[in-house]
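By convention in this document, chain letters (A, B, ...) are assigned in the order of the sequence lines, proteins followed by strands, and residues within each chain are numbered from 1. Just so it is clear, the model here is predicted, and its values are computed rather than measured.
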2 protein chains.
Amino acid sequence: MCLTKWLNHVTKDMKTDISTEQKILEAAKQVFLEKGLDGARMQDIADKAGINKALLHYYFRSKDKLFEVIFLEEARKFMPRVVEIMMSELDLFEKIEMFVGQYIGTLIQNPLLANFIVNEINRNPNDTLKKIFNNQRPPIEKVEVHVAKMVKKGIIKPIKAEQLMINMVSLCAFPFLARPMVQWVTKKNDKEFMIMMEQRKKDVVKFIIDSIRK
Amino acid sequence: MCLTKWLNHVTKDMKTDISTEQKILEAAKQVFLEKGLDGARMQDIADKAGINKALLHYYFRSKDKLFEVIFLEEARKFMPRVVEIMMSELDLFEKIEMFVGQYIGTLIQNPLLANFIVNEINRNPNDTLKKIFNNQRPPIEKVEVHVAKMVKKGIIKPIKAEQLMINMVSLCAFPFLARPMVQWVTKKNDKEFMIMMEQRKKDVVKFIIDSIRK
DNA sequence: GTCTATAACTCGATAGAC
DNA sequence: GTCTATCGAGTTATAGAC
């Protein structure tokens, strides 16, 4: 086989390969995010990717394996990023603003992500948490020290760092976790909900800082 | 059949009947709360109740029907109760305290309840919400008026009622929804987590009131 | 790599004896 | 009412042709 042909061959194979694998990953992401591991059907994923079930197994061996690939991809481009902000050396109020903005912003882009992650963590807590964070528990002691300093300086009221962190995450994540209920009670359609969430970035920051500032 | 025999017959039947039905309901509640509708197996429920699968169908016809009985029972003894507090005529700060206490208190008694309800609402939003609230949307206008008055009187800072309500529910529910993650990050075992939640009743009330009070 | 066909299995549901 | 046995639908996974 001459060089040109060989190059063509490789290029074509790589192209097809990547393309099919990407199609599967994209389809699987959608289906798993919407239905969860139990609710998802390999047939649905195959249909959405425009291929047949057998190919799914050719590329990813089993449903569980495919799920794990999708899950870790999604969880790791979300959780570690916001944790990093929390552990950063920013000024506390700036930190809160960045954290909330990043957290809610990501969920506006991908509203099903919160449920996806929470459900998998509940289904299989230890393995999942270790895998997401590469077996390294976030060092919340850093935040504790940071908050304690601010308390001592008299800038904020006494509060436990762990409590502050739980409150921050709660205020960001919950509206998406319980989105249908929130929309039903507030009579908001999808578009109105997203506008409210966009506004909520500022509202939550203000709510938190109003609460802790002296 | 003489009267005595008939009475014995009825009594015995009713006793057995109630007992078995109760055993099924109790077992189903545990399994559904832990695994959800998709994850639960009729076999698991039968085993836990100490009977066989066929009897489950004899009493409740189908898995879906059994699930609906359990779900509505659990959801209705939780959601309408806390909504009622929210809509009551109490003083705003008292209302917040009662709401948070009741909400977190219930979840301490039944930590899986929040996930159970949220998952079912996400699986089938409209039907579920209508059934839980008997087709009557909670009249949040009452809270809006109430909050607006307090703002006008200068007792609290300007805030939208819908925002305040979302924040209240978020702060109460989220730690239970994401319980394994909260425990992992804070290094708390089950007992310590519950103690933190008990303490949290007061912490959340303070956090909210500190934020909105002028 | 991709397909069709089908094996292997899980699980909800039913039939029928007692 | 309760049981054993089994059916039948639906799903994951594999075999084998192209």
message = Can you tell whether the side chains of B:Lys29 and B:Glu73 come within less than 4.0 Å, N to carboxylate O?
response = no
ask   = Should A:Lys187 and B:Glu162 count as an ion pair when the cut-off is N to O under 4.0 Å?
value = no
inquiry  = I'd like to check the side-chain contact (heavy atoms from CB on, under 4.5 Å) partners of B:Thr128; sequence neighbours left out, ordered by chain and number.
reply    = B:Phe71, B:Glu120, B:Ile121, B:Asn124, B:Ile132
task = Only counting residues at least two apart or in another chain, list the ones meeting side-chain contact (heavy atoms from CB on, under 4.5 Å) with A:Gln30.
result = A:Glu26, A:Lys48
message = Given D:dT14, C:dT2, D:dT2, identify the nucleotide with an atom nearest to the side chain of A:Arg61.
response = D:dT14
ask   = When you measure from the side chain of B:Tyr58, which nucleotide among D:dT2, C:dG1, D:dA13 comes out closest?
value = D:dT2
Any A:Ser62 side-chain N or O less than 4.0 Å from OP1/OP2 of D:dT12 = no
query = For D:dA13, does either OP1 or OP2 sit under 4.0 Å from a side-chain N or O belonging to A:His57?
reply = yes
Interatomic distance, [X] [atom1] vs [N] [atom2] [rounded to whole Å]:
{"X": "B:Lys63", "N": "C:dC11", "atom1": "NZ", "atom2": "P", "value": "9 Å"}
{"X": "A:Phe67", "N": "D:dT12", "atom1": "CZ", "atom2": "P", "value": "13 Å"}
{"X": "A:Lys65", "N": "D:dT12", "atom1": "NZ", "atom2": "C1'", "value": "14 Å"}
{"X": "A:Leu56", "N": "C:dT4", "atom1": "CG", "atom2": "C1'", "value": "15 Å"}
{"X": "A:Phe60", "N": "D:dT12", "atom1": "CZ", "atom2": "C1'", "value": "16 Å"}
{"X": "A:Gln43", "N": "C:dT4", "atom1": "CD", "atom2": "P", "value": "11 Å"}
{"X": "A:Asp64", "N": "D:dT11", "atom1": "CG", "atom2": "P", "value": "16 Å"}
{"X": "A:Gln22", "N": "C:dG1", "atom1": "CD", "atom2": "P", "value": "14 Å"}

message = Give me each pair satisfying side chain to side chain donor-acceptor pair (under 3.5 Å) with a member in residues 31-46 of chain A, each pair once, sequence neighbours excluded.
response = A:Gln43-A:Asp47
Compile the donor-acceptor pairs under 3.5 Å between side chains in residues 168-182 of chain A and protein atoms, sequence neighbours left out, one pair per line.
{"unit_1": "A:Ser170", "atom_1": "OG", "unit_2": "A:Ile166", "atom_2": "O", "d": "2.6"}
{"unit_1": "A:Arg179", "atom_1": "NE", "unit_2": "A:Gln183", "atom_2": "OE1", "d": "2.6"}
{"unit_1": "A:Arg179", "atom_1": "NH2", "unit_2": "A:Gln183", "atom_2": "OE1", "d": "3.4"}
{"unit_1": "A:Arg179", "atom_1": "NH2", "unit_2": "A:Asp190", "atom_2": "OD1", "d": "3.3"}

task = For the pair B:Lys95 (side chain) and B:Ser88 (backbone), establish whether a donor and an acceptor sit closer than 3.5 Å, ignoring hydrogens and angles.
result = yes
message = Whether the side chain of A:Asn134 engages the backbone of A:Gln136 through a donor-acceptor N/O pair (distance < 3.5 Å, no angle test) should be reported.
response = no
Ring geometry between A:Phe78 and A:Tyr103 (parallel below 30°, tilted from 30 to 60°, perpendicular above 60°) = perpendicular
Could you go through nucleotides 3-7 of chain D and list every protein N or O atom that sits under 3.5 Å from one of its N or O atoms, giving the distance for each pair?
{"unit_1": "D:dC3", "atom_1": "OP2", "unit_2": "B:Asn52", "atom_2": "ND2", "d": "3.2"}
{"unit_1": "D:dC3", "atom_1": "O5'", "unit_2": "B:Asn52", "atom_2": "ND2", "d": "2.9"}

Those residues of residues 28-41 of chain B lying under 4.0 Å from DNA chain C by at least one heavy atom = B:Ala40, B:Arg41
